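For the single chain, residues carry numbers from 1 onward in sequence order. Because the structure is a prediction, the values reported are computed rather than measured.
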Amino acid sequence: VMDIARELIRLYALRKSQPGFGFPPDTQWQRELEASFMYDDTPDQATATFDVKRDMEASTPMDRLVCGDVGFGKTEVAVRAAFKAVQGGKQVAVLAPTTILAQQHYNTFRDRLSRYAVNVDLMSRFRTKAASPSKSSWRRWTRSRAWRSSPCSRRPTRRRLRSSST
């Protein structure tokens with residue numbers, strides 16, 4: 001047990017010394033999303049949201065687990081954190097232990113983020129390749145006027161370098 005404890009302490013000290021990605025402070029869209037939640041936040045939910053966002057804005061690797069009973073707002077905390085990450089130019093993946101929970105989370109994320117230029121999709125063993133969005137539909141979306149006017153589009157673009165012979 002002592003060896004495991006020493007190894008954990010060493011590992012956590014190493015993680016704290018490594019640089020991380022600090023997300024920008026909340027935007028107007030972040031505040032709108034949070035204000036649009038149909039329920040009042042519980043004190044624990046408000047604390048969890050604040051702590052998660054504080055960790056995301058720090059420049060050290062994040063190490064936080066949000067846990068609670070069913071129906072206490074963990075998904076809403078995740079929606080808010082995911083939206084903050086997307087506005088910071090990052091992609092987000094939400095993992096679920098069952099296909100039913102994955103579908104429920106997909107529906108929640110899709111509904112909560114539908115007003116914003118955010119692409120939400122589901123990967124599941126029940127989805128066929130034909131049902132998944134194609135790369136061409138993603139390209140059409142990223143070239144659309146809604147995408148270009150959103151803060152989500154302000155991330156660096158990837159360009160393919162081509163060499164030319166003279």
Side-chain angles (χ1 to χ4, degrees), residues 1 4-127 132-133 138 141-142 146-147 149-156:
V1 173
I4 294 171
R6 275 196 272 300
E7 180 61 22
L8 282 174
I9 291 170
R10 187 193 68 73
L11 178 64
Y12 277 84
L14 179 65
R15 281 180 53 95
K16 272 297 196 196
S17 68
Q18 299 297 315
F21 180 86
F23 288 93
D26 286 356
T27 64
Q28 180 62 32
W29 283 19
Q30 181 79 31
R31 289 186 287 276
E32 285 178 18
L33 174 76
E34 292 177 13
S36 71
F37 189 47
M38 65 181 90
Y39 304 106
D40 292 333
D41 287 357
T42 65
D44 289 341
Q45 186 179 21
T47 301
T49 300
F50 176 80
D51 291 344
V52 166
K53 291 193 310 184
R54 183 189 63 212
D55 288 353
M56 291 177 73
E57 293 174 9
S59 60
T60 57
M62 185 173 168
D63 189 13
R64 179 169 299 278
L65 173 66
V66 176
C67 59
D69 289 335
V70 173
F72 279 82
K74 298 176 301 295
T75 303
E76 180 62 20
V77 173
V79 166
R80 294 172 184 187
F83 190 61
K84 184 173 190 68
V86 168
Q87 289 192 54
K90 301 295 184 183
Q91 291 183 350
V92 176
V94 177
L95 304 177
T98 66
T99 52
I100 293 170
L101 186 57
Q103 183 68 48
Q104 289 172 341
H105 283 335
Y106 167 70
N107 293 341
T108 300
F109 274 72
R110 185 193 60 213
D111 294 346
R112 291 286 288 129
L113 301 175
S114 64
R115 296 178 36 208
Y116 305 95
V118 176
N119 186 29
V120 178
D121 203 4
L122 171 70
M123 291 175 54
S124 165
R125 63 188 173 115
F126 294 132
R127 298 273 311 257
S132 298
W138 172 248
W141 166 242
T142 58
W147 173 262
S149 65
S150 77
C152 303
S153 68
R154 296 188 192 126
R155 64 177 189 233

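- Considering all non-hydrogen atoms of both residues, Phe83 and Leu113 come closest at CD1-CD2, 3.6 Å.
- The stretch residues 92-102 participates, sequence neighbours left out, in no salt bridge (charged side-chain N to carboxylate O under 4.0 Å, His left out) pair at all.
- Residues Tyr12 and Asp63 come closest through the heavy atom pair CE2-OD2, 2.7 Å.
- Taking the salt bridge (Lys or Arg N to Asp or Glu O under 4.0 Å) definition, one finds that Arg110 meets it with nothing, sequence neighbours left out.
- Atom CD1 of Ile4 has 12 or fewer neighbouring heavy atoms from other residues, nucleotides or ligands inside a 6.0 Å radius.
- Applying the side-chain hydrogen bond (donor to acceptor under 3.5 Å, both in side chains) rule to pairs touching residues 38-48 yields Asp41-Arg80, sequence neighbours excluded.
- Atom CZ in Arg64 sits 12.0 Å away from atom CE in Met56 (nearest 0.5 Å).
- Of all heavy-atom pairs between Leu122 and Arg127, the closest is O-NH1, 3.2 Å.
- Judged as a salt bridge (charged side-chain N to carboxylate O under 4.0 Å, His left out), the pairs with a partner in residues 19-38 (not counting sequence neighbours) are, in order, Asp26-Lys53, Asp26-Lys84, Glu32-Arg115, Glu34-Lys53.
- Pairing each heavy atom of Phe109 with each of Ala82, the nearest pair is CE2-CB, 3.7 Å.
- Rounded to the nearest 0.5 angstrom, Trp29 CH2 and Gln87 CD are separated by 7.0 Å.
- Summarising the local packing, CG of Leu101 is surrounded by more than 12 heavy atoms from other residues, nucleotides or ligands at distances under 6.0 Å.
- Rounding to the nearest 0.5 Å gives a distance of 10.0 Å between OG1 of Thr99 and CD of Gln104.
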Output side-chain donor-acceptor pairs under 3.5 Å for residues 13-23, partner residues at least two apart or in another chain, one line each.
from, atom 1, to, atom 2, distance (Å)
Arg15, NH2, Met62, O, 2.9
Ser17, OG, Leu14, O, 2.7

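- The residue from Leu33, Val120, Thr75, Val118 that alone fulfils the side-chain contact (heavy atoms from CB on, under 4.5 Å) condition with Arg112 is Leu33.
- For the salt bridge (Lys or Arg N to Asp or Glu O under 4.0 Å) test, residues two or more places apart in sequence or in another chain that qualify with Arg10 are Glu7.
- Residues Gly88 and Pro24 come closest through the heavy atom pair CA-CD, 4.1 Å.
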